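To start, the structure under review is shown below, and the notes come after it.
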Amino acid sequence: MRILIAGVDGYLGWPLAQHLAMRGHLVGGIDNQLRRRLVAEVGSVSAIPIATMDERLSAFHEHFGARLRYYSVDLLDYDALANALRDFQPEAVVHLAEIPSAPYSMRGPTESVFTQQNNVLGSLNLLWAMKEESPNAHLLKLGTMGEYGTPNVDIPEGFFEVEFRGRRDVLPFPRQAGSFYHWSKVHDSNNIMFACRIWGLSATDVMQGIVYGIWNSTQSSDSRLSNRFDFDSEFGTIINRFCCQAIIEHPLSVYGHGGQRRSFLPIQDSINCMTLALEHPPKKGEYRVLNQFDRFMSIYELAELVRRSALHLGIDVQISSHANPRNEVENHYYNPDRNLLKDLGYQPQYDPDELTQSMMESLIPWKDRIEAHRNVLIPNVQWDGSHRTASKLNTKGNTA
Ligand code: USQ
């Protein structure tokens, strides 16, 4: 299959490109390297060093043959995007080219607007480009479990049957996102659903839980194929952050009491699930929603899991509670469905205890690199915006 990945330089895009090439697919890759710039902007680095895009492309060609065609394109540039689709003629398009950070989107008006502009308008451009250039291609779009929020009822996959004043219908399940980033995904979902209805595009909207883990290329130990691994408070996600904190013996930063429940899946499963969805596309005109996760647990349970795994490696790390910078419920019901991927053949295969332990073992060579960026581990964005008042006061103090 000819599969175009928008966001090929990212945490999911780069391993997905390798995995699909190994399965014999022809891969197109779009990226504007925004993720690299944003992580540098927060003063951080990938814990595992990553090669430049040129080095990555050379390595890809050496190991997988001519199975990746790269387009340096920003999704906000409609003409360049449409040209890439016209040139590559994809049968499927995977859309991972979004700003993925909730804290970044809550930092201030510039970051909120940029997140929604980049994500919502970039996706809208992609929908138009697909309609005009590859209307029969399947769009696999990365959404998030965070679109649903934490309602006090079970969470279905996208839609639910509802009875209201004696009448019944199947309607989109209400979305209650928790950051301007998460809302950008909700807006995308609405636009994609609408595009499928009016233009007959087919799409899979993946409501994915929090991905964690290190991707090891099965093809080679060539470090130019290595994947990024973020640990800062804006672009690092919880398990990856906890593992990095553990190896430098920094207390595991649980926000609030840690009762908030979230769904998780290892990166290997994320790649396998996306591959399953690509190889089993929906019908023409169908808008399909998949909930994609392996298990769910509370943040405190997670911290205990990482602490246990660290102890096996002789690291005795503490768990510390931080005043929660986010506005989120800490004790709540949580019971999302996950049936459609199982029907397609998904079987979770990884034990989180073993996985976190092996993650920490792989991170130990990069301990000094993480230690050198210790300052990015602590959150500096508050959902109520108080960090902005604090920084204004500091600026006044400095100038006075
Ligand atoms: N948290 C802590 N301590 C930390 C960092 C986070 O307790 O040091 C808590 C947060 O308060 C939150 C939970 O852990 O309750 C998850 O935070 P996160 O930063 O790992 O994940 P989140 O902001 O929800 O976003 C991440 C990805 C995003 C993806 C989403 C899936 O950045 O791209 O869409 O996970 S989901 O959470 O299912 O919406």
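All values derive from a computational prediction rather than experimental measurement. Residue numbers start at 1 and run along the sequence shown. Both counts, for ligands and for their atoms, begin at 1 and track the order of listing.
Annotation: salt bridge (Lys or Arg N to Asp or Glu O under 4.0 Å) contacts of D353 (sequence neighbours excluded): R308.
Protein neighbours of ligand 1 below 4.0 Å, counting non-hydrogen atoms: P100, A102, T144, M145, G146, Y181, H182, Q208, G209, I210, T237, I238, R241, S253, V254, Y255, Q260, R262, I299, R326, E328.
Cluster partners of V113 are absent, since no Ile, Leu, Val, Met, Phe, Trp or Tyr has side-chain heavy atoms less than 4.5 Å from it.
Proximity of E91 to I3: side-chain heavy atoms (C-beta onward) are nowhere separated by under 4.5 Å. In this structure, the side chains of D230 and V39 come closer than 4.5 Å at one or more pairs of heavy atoms.
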>> Show, in sequence, the C-alpha distance, side-chain angles and deciding distance for W14 and F60, and conclude whether the ring-ring contact (aromatic ring centres under 6.0 Å, His included) test is met.
In response: CA-CA 10 Å; W14 186 235; F60 204 100; 5.7 Å; yes
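Listed by first then second residue, pairs satisfying ring-ring contact (aromatic ring centres under 6.0 Å, His included) with a partner in residues 81-109 read Y104-F235, not counting sequence neighbours.
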